[in-house]
Each structure stands twice: as C-alpha cells, then as structure tokens.
Amino acid sequence: MSLLSHCGFQDSDIHDITKDEVSTGTTIIAAIYDGGVIIGADSRTTTGAYIANRVTDKLTKVCDNIYCCRSGSAADTQAITDIVAYYMDLTSIQMDEPPLVRAAANVFKNLIYENRHQLTAGVIVAGWDSRFGGQVYSINVSGTIVQQNISIGGSGSSYLYGFMDSQYKDGMTQQECENLVLNAISLAIKRDGSSGGVVRMGVINHTGQIQRKLVLGDQLPKFYDNIYEEKPVEASGGDATMTDNVSILLPQIDTPEPSFEDNDIGYCFGKNVCDEIKFKLLTDHWSPDENYKFPITTHLKKNLKFQLGWIKRFPWVVYSRIGEQGAVCKYCAIFGREFGGKGSHQKLNTLIAKPFNNWKKAIEKFNEHNNSEPTYNDGNFRALLRMRISCEDKNLTYHIENQALNASYISPMIQNNFINICGKIIQDQLVNKINQAKCFSVLVDETTDVSRVEQLSLCVRYLDNNLNIEKNEINNYVLKEDFLQFVPVNSTTGQNLATVILVTLKNLGIKCDYLLGQGYDGAAAMSGNFKGVQSVIREVHPAALYVHCSAHSLNLALAHSSNIHHIRNCIGTIKSVGNFIKISAKRTELLKNKIKEFFPQTKWTKLTSICETRWVENHDGMLRFSEIYKPIVATLEELQLFVDIETSSKVLQLYKCVTISEFIISMITATTLFSITLPLCKILQSVKCDLSEAVDHVETVLNEVKDMRTNINENFKKIFNKSEKLFTSVNEEEKIKIPRLVSRSTNRINVDTKIPEDYFRIAIAIPFYDDFISQLKERFSKHKTILSSLYLLIPKMCLKSPILESDFSIYSDFINVDELPSELKIVEKKMDSFKDVDRPYTAVEALNYCNPELFANIYFLLKVLATLPVSTATPERTFSTLKRVKTFLRNSTGQERLTGLALLSVHRDVTVNPDEVLNQFALQKDSNILLV
C-alpha cells in the first residue's frame with residue numbers, strides 16, 4: 001500500500017501532469033494612437049509550468065507596414081504568419097503598393113477559422129496603410145475577427161481589462177500610448193506567472209517602417225508593493241503618486257463631487273440645462289483661486305498641472321472639478337451639442353464635451369480653439385464662407401451676424417436642397433433636348449463605388465440641332481452623349497436592370513417611344529439574347545437595336561491575339577519588371593540615373609504600368625520600354641550585385657527574360673501592331689463618330705494589317721533588323737539566335753530552319769497577325785449586320801447597291817415604308833449632281849443636307865443611323881467623376897446629392913441661372929421666404 005493510500009487518498013485522486021494538455025502563456029497588446037499603431041509583448045514562452053524561452057520575440061513581421069502579435073502555440077502561430085507574409089508579398093507586387101492591413105487580417109482569419117480544430121493560434125494584427133491609417137484586428141483561436149482601437153491577448157490579459165478601460169482614450173499621443181502599453185505589460189508580468197522577461201514594443205506609422213524598442217526586466221515600472229512602501233497614503237491625501245513615467249492616482253477621502261450649487265461648468269456635460277442655469281453659469285461660474293491645489297500629472301518624469309495664468313490669457317477658459325478635472329471652454333460647454341461638424345455626425349471632444357488635461361499641449365490646444373476655424377471638420381462649404389468673410393465680404397458678414405436662427409441657409413439640409421435643384425435644372429434641360437430629337441439611344445455601364453454600392457451610370461446619345469442662319473439655314477446637327485443619373489441597383493439580372501433603365505427614363509420625363517438604340521458591354525446580363533437587358537427592352541421597344549461597344553470589341557480582339565505564347569510572355573515580363581522596379585524607391589532612383597546616363601535628352605524618367613484590360617493602352621508602356629531598353633538592362637545588371645538574396649535572385653530571373661531573342665522580337669512585333677490600333681481606339685471612343693464611320697475605320701485598319709500579313713517577309717525584315725539592333729546595343733558579342741529545338745515538342749513550334757529571321761517570322765509574327773485579323777472580322781461582323789440596310793442610305797453608298805424597302809420594316813411605326821422608294825429615287829438623282837468629293841460620307845453630314853419636309857422617311861432613318869451607339873466610353877468616363885465625388889472620406893453621400901454633384905461636374909457647359917435656383921427653392925414646402 002502506498003503512502004497516499006494509507007493516508008486515505010484513492011488512485012483517482014492522484015493528479016498526473018503528463019496527461020494534461022500543454023498550456024501556453026503570454027501578454028500581447030496593440031493600440032492605436034493619433035498617427036499610428038503601437039504593439040507590445042513580453043518575451044516569455046512557457047510549456048505548462050516550464051519556461052521554454054525567456055527572450056522570445058513575439059512581434060512578428062508580416063510585411064514592412066504590418067506586424068502581428070502571437071499567442072497560443074508558438075509553432076502554429078509562426079507557421080500561419082509565414083503563410084500570410086508570403087501572400088502579402090505577392091499582393092504588394094501585383095497591386096504595386098503596400099498591402100492593406102485589413103487584407104492581412106482577413107487572410108489570418110481564414111487560415112485560423114479553416115484549421116480551428118487542428119491549431120491553437122490567437123493573433124493580433126496591427127499596422128498602418130495609406131487608405132485606412134492605423135488599424136488593429138483581434139483574431140481569436142476560433143477564427144473570429146474584430147476590429148478594435150486597442151486589443152489585448154494571452155494569459156496576462158485577464159489582469160488588464162480594468163486597467164485598459166480606465167487608462168486608454170482616443171487621440172492619445174505616441175508617448176502616452178507607449179507609456180500605457182509598457183505599464184500594462186509590466187502589470188501583467190507582475191501577476192501572470194506565464195508572462196515575463198523583457199518588454200518589446202514597436203511603433204508603426206506613415207513611414208511604413210517599424211521602430212523597435214526594448215525595455216529590460218530591471219527597467220520595467222514597479223507597482224503597488226514598491227510604491228506603497230516608499231510613499232504610504234496619507235489620510236488627507238488626494239495627490240497623485242508617481243514613479244518612472246507612471247502616475248497612480250490614489251483614492252480621494254471624504255471629498256464630495258461638486259454639485260451645481262458650486263456653479264461648476266462641468267455640470268453641463270451630457271445634460272440639457274435650462275436658460276436660467278446657463279445664464280447663472282455664464283455670469284457666476286466657479287473659478288479657482290491662488291490657493292487651489294491643481295492635480296499633478298507626470299509626463300516623461302516632468303510634473304505638469306493647470307496654470308492660473310491661462311485663464312487671464314484665454315478669457316473663455318474655465319476650470320472644472322467634475323469628473324476628469326481639466327480646462328473647458330465655457331461658451332462651447334454651455335451652448336454646445338453632443339455632435340457637430342458637417343451633417344452633425346462628428347462627436348465633439350475635449351474642451352467642449354469633456355475637460356482637457358493634457359497640459360503638455362495646453363497652449364497649442366488653446367490657440368487652435370481660439371482661432372475662427374473649428375476644432376472639427378465642418379465641411380468645405382462653411383470653410384469657403386469663412387474665407388469669404390475673412391476677405392471682407394460685407395454682404396455675407398452682415399447676413400451671418402444678423403441672421404435669424406432658422407434663416408442662415410448654411411445647414412447640410414439646405415446645401416443638399418440647392419445641389420438637388422441645380423441637378424434637376426440640368427436634367428430638365430437635357431431631357432427637353434432629348435425629347436425634341438425624337439430619336440435616342442441609351443448607354444449604360446455599371447461599377448461599384450467606395451461604399452460597395454452597385455452604381456448604374458445612365459447616359460443618352462442623341463442629335464442636337466443648332467440652326468445656323470449664316471450658312472444658308474442648313475441644319476447643323478451635332479451628336480451628343482449626355483450623362484443623366486447614377487442609379488443604385490441591388491440585383492444585376494437582365495430583367496431587373498432593364499426595369500431600372502426604363503423606369504428611370506420614364507421618371508425623368510423622357511419619351512421612351514423614341515428609344516431606338518442600346519449600347520452596353522458584352523456581359524451576358526446585358527447582351528444575352530434571351531434574358532439579357534437588350535432582349536428584355538426589345539420586347540417593349542422592338543426598334544431599339546443593341547450594339548456591342550466597339551471599343552470593347554477592339555480590346556477583346558487584341559486581348560485574344562496577345563494570348564499567343566511569345567507575346568503573352570513578353571507582356572507579362574514587361575509588367576513584372578515595371579512592378580519590381582517601382583515597388584522600391586531605391587530601384588526607381590537607380591533606373592532614373594541610368595536613363596540620364598544613356599539618354600540625357602529623353603523625357604522619360606520611369607516606366608509606365610501595363611494595363612490588365614485595355615490592351616491598346618499597352619502600346620505606350622511597350623514603346624517606352626523599348627526606347628529605354630538599354631538603361632533598364634543596365635539597372636538589372638547593377639541590381640544583381642545587391643547583398644539581399646531575394647532581390648538579387650529575382651533580378652537575375654528578370655534579366656535573363658529580357659535579354660533573350662524571343663522577348664525582343666515579341667516586343668517589337670506587338671508594338672508595331674499596337675501603333676496601328678491605338679488611333680482606331682481613340683476614334684471609336686469619340687462622341688462625334690457614328691456607327692458607319694466606325695465600321696469604315698475598322699475596315700481601314702483591317703486592310704492595313706492584311707497588307708502587312710501579305711507582305712510579311714518584307715515587313716518582318718524591318719522588325720527583325722530593329723530587334724537585332726536593340727539586342728546588340730546591350731550585348732555586342734551576341735546575336736539573335738534560334739532557341740533550342742526538340743524533335744518531339746507539343747508546347748512550342750519547332751520550325752525546320754536554321755535562319756533566325758525565318759524562325760521568328762513563322763513562330764511569332766504570322767500567328768499574331770493571323771489571329772488578330774480573324775478576331776477583328778469576327779468581333780465586328782455583328783456591327784456590319786446591323787448596318788446592312790441603314791448603311792446604304794448614306795449618299796456615297798446609295799449609288800453603289802440597291803436598297804430593299806423590306807429591310808426597314810422594323811421602323812414601320814415611325815415611317816411610311818410605301819413612300820420610301822420614291823424618296824430614294826429622288827435622293828439618288830440629287831446625289832448624281834454632286835462630285836465624289838462633295839458627297840456626304842457620314843450620317844450626320846447627310847442629315848445636314850436632308851430636308852425633313854421633302855424626305856421625311858430618309859430623314860428619320862438617317863437620324864437612327866447617327867444615333868446608334870458606337871461605344872460606352874461616356875458612361876465609363878462618369879466613373880471618374882464618381883470617384884472624385886464619393887471618396888473614402890465622403891462614403892456616406894446620399895444618392896440625390898451624388899447625382900446632383902455629378903451633373904454639376906460633368907455638365908459644366910450647361911448654364912444654371914441663380915435666380916431660377918432661388919425661385920425653385922422658395923417654392924418648396926419647407927421654405928417660408930420668397931428669395932427673389
């Protein structure tokens with residue numbers, strides 16, 4: 001019998017520690033201050049009761065601007081952090097900017113949540129980015145993510161919740177926040193057996209780099225036991241006891257809180273007081289005398305307190321003893337509100353809603369509050385008014401100083417009313433022109449704004465007739481594409497989008513009976529033949545023909561052609577080199593110096609980005625790359641000598657890629673084709689271009705590329721010579737060579753030739769041109785089908801091909817088909833008298849010579865031809881306005897305000913009469929004064 005059994009214990013009472021789950025312990029903290037984030041942790045790693053490591057670094061780098069604090073299993077958290085760091089590195093290269101803190105936190109959350117049954121990992125992610133500033137995200141062991149201003153974790157955190165709640169406050173300075181984090185970790189080390197060692201802290205701010213700080217164990221602040229022994233509490237005490245940058249406020253004994261009878265300004269905080277109390281507080285408030293003992297606070301071992309001289313220097317400053325003792329603006333405290341700023345949604349802070357007691361910055365704070373500018377941002381509109389008053393605008397000054405409380409007309413609601421009225425006036429003018437045209441096409445595109453709302457940009461293409469008397473009263477038609485409205489959509493199905501478009505047009509007052517064209521991109525929801533927007537609208541308006549955006553069609557043709565193996569690799573390499581150099585300021589400066597060294601007269605100083613979607617725009621990037629090819633190669637050669645292994649290995653790969661024959665041949669070949677298509681893309685995006693003109697331009701480019709393909713030997717010889725010259729400029733000893741051939745290869749072309757020019761002509765140029773010709777024909781075949789009948793109405797074509805009246809039966813509700821043949825015969829005879837040079841070549845030119853009374857049917861059909869959409873460039877341009885108006889800082893802008901501001905920004909040429917705006921404002925139901 002064992003000794004334990006003899007003493008009365010059972011075997012089940014014996015505790016076997018080897019069967020316990022291994023426990024871990026730590027203390028980690030991350031806190032936001034005014035300007036960045038501070039992270040901190042102890043350094044002790046434990047396995048149960050055993051201390052495995054006394055100096056562990058628990059502040060782990062994810063990337064330069066993002067760090068994480070780890071708690072739980074050291075192996076699990078380190079493995080997860082390595083994975084996230086890899087993803088963030090890829091993200092920074094792809095996005096060409098440092099990753100967002102939010103993105104890193106979400107990757108952590110996904111990994112922890114998906115493996116929550118296998119891992120024991122809790123992480124605090126903290127960092128700073130240019131979009132959202134300093135951020136802290138807490139992710140527990142189950143994968144739940146919470147964004148907080150301050151977060152604590154680990155076994156030591158259970159001792160800190162009360163301390164952090166009482167000490168942390170918004171808007172802390174860096175030094176205050178550092179002291180708080182240091183004190184908190186020191187407290188946890190004092191009480192938690194699993195926390196200990198040294199304290200490591202890091203500061204992350206706009207610099208994008210961490211500032212590391214280390215506090216050794218013998219330098220940590222000391223609490224309670226030491227302080228109580230050195231400085232015992234006196235019965236009449238109430239002062240603060242300090243030690244090593246730490247302020248411990250000892251409890252007050254028998255000191256009642258001031259009440260209203262003391263006339264303390266602090267009585268107003270958080271209360272609605274009557275006018276009688278306000279008057280008494282203004283005229284007879286409590287003020288400290290010379291014998292009053294102000295509480296002392298400590299900052300960097302300096303004792304600071306309120307100074308009586310501040311009251312004389314700033315007459316509006318008073319001292320409050322209620323709650324957190326400190327300075328208060330008596331006028332703002334008595335008459336202020338809980339919220340202020342633009343839209344009354346910004347919570348008011350110190351000096352107004354609570355006392356100010358950061359004495360180190362007292363003079364700076366008082367001077368700031370003393371100025372005419374408010375301490376909070378109340379909007380650009382009011383700032384402009386203050387600027388006008390400071391410039392001695394007497395009328396505005398008189399209005400502001402003598403206004404009635406309900407007639408200032410500067411509130412956010414009044415501002416929105418004026419914006420909406422101005423937008424409505426512009427809309428009414430546009431709608432009037434559209435209805436007068438009696439023929440229009442709708443142009444639509446969608447995007448997601450900064451607040452994640454799907455915005456539909458609604459634009460209209462129509463003909464505006466300005467009669468020009470000086471030119472013998474000949475019609476002067478001008479094509480217009482005007483933005484009308486942003487419409488939020490919750491569903492992107494074809495049926496819903498079509499309903500939104502038609503309802504919006506009707507609400508604006510546009511007569512949808514004259515809807516004769518639709519212009520969208522090629523997405524299935526828009527172009528589908530069964531449930532797409534165009535098919536749903538054509539069920540109601542059969543004559544509204546759908547035209548796929550010509551600019552998109554050209555872009556898709558180029559994108560498909562660029563998937564040729566060598567061309568695709570070439571563009572990808574150029575993009576990688578650009579991202580690799582631009583991601584570092586040192587590399588960018590090195591390239592800039594190399595460009596000045598080789599080409600002192602050139603205007604280029606850096607590389608341009610390669611667009612992912614607009615392939616035509618890649619011409620500029622590839623052209624610049626080829627022009628400064630020699631400085632780029634020299635830069636990559638010098639970067640290979642860097643000590644950093646990651647940089648040198650990456651640059652070696654890029655150097656090998658840009659100095660091979662296939663790359664240079666592909667770059668020059670693609671640049672040659674892009675130089676032809678770039679002018680075409682610009683023409684297709686022009687408002688003045690009609691569909692017939694667009695098809696003619698496409699045919700011209702297509703014929704040019706066909707000629708290049710027919711004379712491929714001669715044309716490619718020029719490309720090859722240019723490539724060879726570029727190749728030898730960086731390596732005089734080498735010449736363009738054929739890559740190594742394999743007898744049985746399924747992944748690349750093996751041309752049976754030993755001549756490099758022949759090989760690359762067959763392997764690169766011919767497939768590239770053939771694919772582009774095929775794609776261009778296919779993409780624009782539908783455009784030709786739509787124009788098959790209307791195109792023949794143009795005078796230059798009506799004499800070449802017969803016109804069948806049955807082709808225009810779709811417009812039988814608008815024209816008299818029986819009268820059309822006689823009108824066509826008269827027009828043909830009239831055009832015989834014109835010389836070929838004088839005959840109209842576009843629909844708009846033909847309209848200017850067409851008499852609507854003599855040729856009513858042809859006149860209408862020419863209007864349809866001119867109005868048919870060519871591209872959706874106009875809706876896409878409005879997205880730039882959307883980004884300027886609805887920014888990250890103004891992401892809660894209302895829909896009416898958004899549309900009004902967008903209309904004012906886009907239609908700057910439309911005159912808005914101030915008298916009309918004031919009259920409409922005065923006629924509103926909530927306006928009591930007629931402003932005329």
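Worth knowing before you read on, the calculation uses all heavy atoms, side chains too, and leaves out hydrogens, waters and symmetry mates.
Here the side chains of L516 and T867 are not in contact, with every heavy-atom distance at 4.5 Å or above. N435 has its side chain within reach of I510: a pair of non-hydrogen atoms, C-beta onward, lies under 4.5 Å apart. Looking only at side-chain heavy atoms (C-beta outward), I434 and D482 stay at 4.5 Å or farther from each other. Within the 4.5 Å cutoff, side-chain heavy atoms of V917 are placed close to those of C422. Looking only at side-chain heavy atoms (C-beta outward), L430 and K480 stay at 4.5 Å or farther from each other. S457 places a side-chain heavy atom less than 4.5 Å from the side chain of F486. Contact annotation: the side chain of T677 approaches that of F772 to within less than 4.5 Å [non-hydrogen atoms, C-beta and beyond]. Side chains of K531 and T493 form no contact here, defined as non-hydrogen atoms less than 4.5 Å apart.
In this structure a side-chain-to-backbone donor-acceptor pair under 3.5 Å is present from Q429 to T911. In this structure, the side chain of Q518 engages the main chain of A544 through a donor-acceptor pair within 3.5 Å. Within the 3.5 Å criterion, the main-chain N or O of T878 finds no donor-acceptor partner in the side chain of D445. With S774 contributing its side chain and D771 its backbone, the two residues share no donor-acceptor pair below 3.5 Å. Side chain of H907 to main chain of G423: no donor-acceptor pair is present (N/O by atom type, distance under 3.5 Å, no hydrogens or angles). The closest donor-acceptor contact from the side chain of Q455 to the backbone of E446 lies at 3.5 Å or more, if one exists at all. When atom types are taken as modelled, the side chain of S905 and the backbone of L901 share no donor-acceptor pair closer than 3.5 angstrom. With hydrogens and angles ignored, the 3.5 Å screen pairs no side-chain donor or acceptor of Q685 with any backbone N or O of A873. A distance-only check finds a donor-acceptor pair linking the side chain of R890 to the backbone of V885 [under 3.5 Å]. Between the N507 side chain and the V503 main chain, a donor and an acceptor come within less than 3.5 Å of each other.
F768 approaches I564 most closely through the heavy-atom pair CA-CG1, 4.2 Å. Contact between H548 and S553 at its shortest, heavy atoms only, is ND1-OG, 3.4 Å. K433 and D464 make their closest contact through NZ-OD2, 4.1 Å (heavy atoms, listed as atom of the first residue, atom of the second, distance). Residue P542 comes nearest to V540 through the heavy atom pair CD-O, 3.5 Å, listed as atom of the first residue, atom of the second, then distance. Minimum interatomic distance between V870 and C689 (heavy atoms only, all atoms of both residues): CG2-O, 3.1 Å. Taking each heavy atom of G528 and Q534 in turn, the nearest pair found is O-NE2, 3.2 Å.
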Stepwise side-chain contact (heavy atoms from CB on, under 4.5 Å) check, V533 with Y546: CA-CA 10 Å; V533 173; Y546 162 68; over 6 Å; no

Steps toward side-chain hydrogen bond (donor to acceptor under 3.5 Å, both in side chains) verdict (H552, E876): CA-CA 12 Å; H552 280 150; E876 291 185 2; 3.1 Å; yes

Residues E819, N816; criterion side-chain hydrogen bond (donor to acceptor under 3.5 Å, both in side chains); working and verdict: CA-CA 6 Å; E819 295 178 358; N816 190 334; 3.2 Å; yes

Residues R779, V698; criterion side-chain contact (heavy atoms from CB on, under 4.5 Å); working and verdict: CA-CA 11 Å; R779 300 286 180 183; V698 171; over 6 Å; no

E778 and H560: CA distance, side-chain angles, deciding distance, side-chain contact (heavy atoms from CB on, under 4.5 Å) verdict: CA-CA 12 Å; E778 180 182 346; H560 191 279; over 6 Å; no

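Of the inter-residue distances, the one linking Q895 atom CD with R897 atom CZ reads 13.0 Å to the nearest 0.5 angstrom. For the atom pair CD1 (I683) and OG (S550), the distance works out to 12.0 Å, reported to the nearest 0.5 Å. A distance of 10.0 Å separates CG in L684 from CD in E693, rounded to the nearest 0.5 Å. Considering CZ of R461 and OG of S871, their distance stands at 8.0 Å, rounded to 0.5 Å. In this structure, CG on L443 lies 11.5 Å from CG on D521, to the nearest 0.5 angstrom. S562 contributes atom OG, which lies 4.0 Å from atom CZ of F674 (distance to the nearest 0.5 angstrom).
Applying the ring pair (Phe, Tyr, Trp, His ring centres under 6.0 Å) test to every pair with at least one member in residues 437-463, sequence neighbours left out, gives no pairs at all.
Remark: Q775 CD is packed, more than 12 non-hydrogen atoms of other residues, nucleotides or ligands lying under 6.0 Å away.
The only member of D449, T881, N891, T893 that meets side-chain hydrogen bond (donor to acceptor under 3.5 Å, both in side chains) when paired with K886 is D449.
Applying the ring pair (Phe, Tyr, Trp, His ring centres under 6.0 Å) criterion to F860, with sequence neighbours excluded, gives F814.
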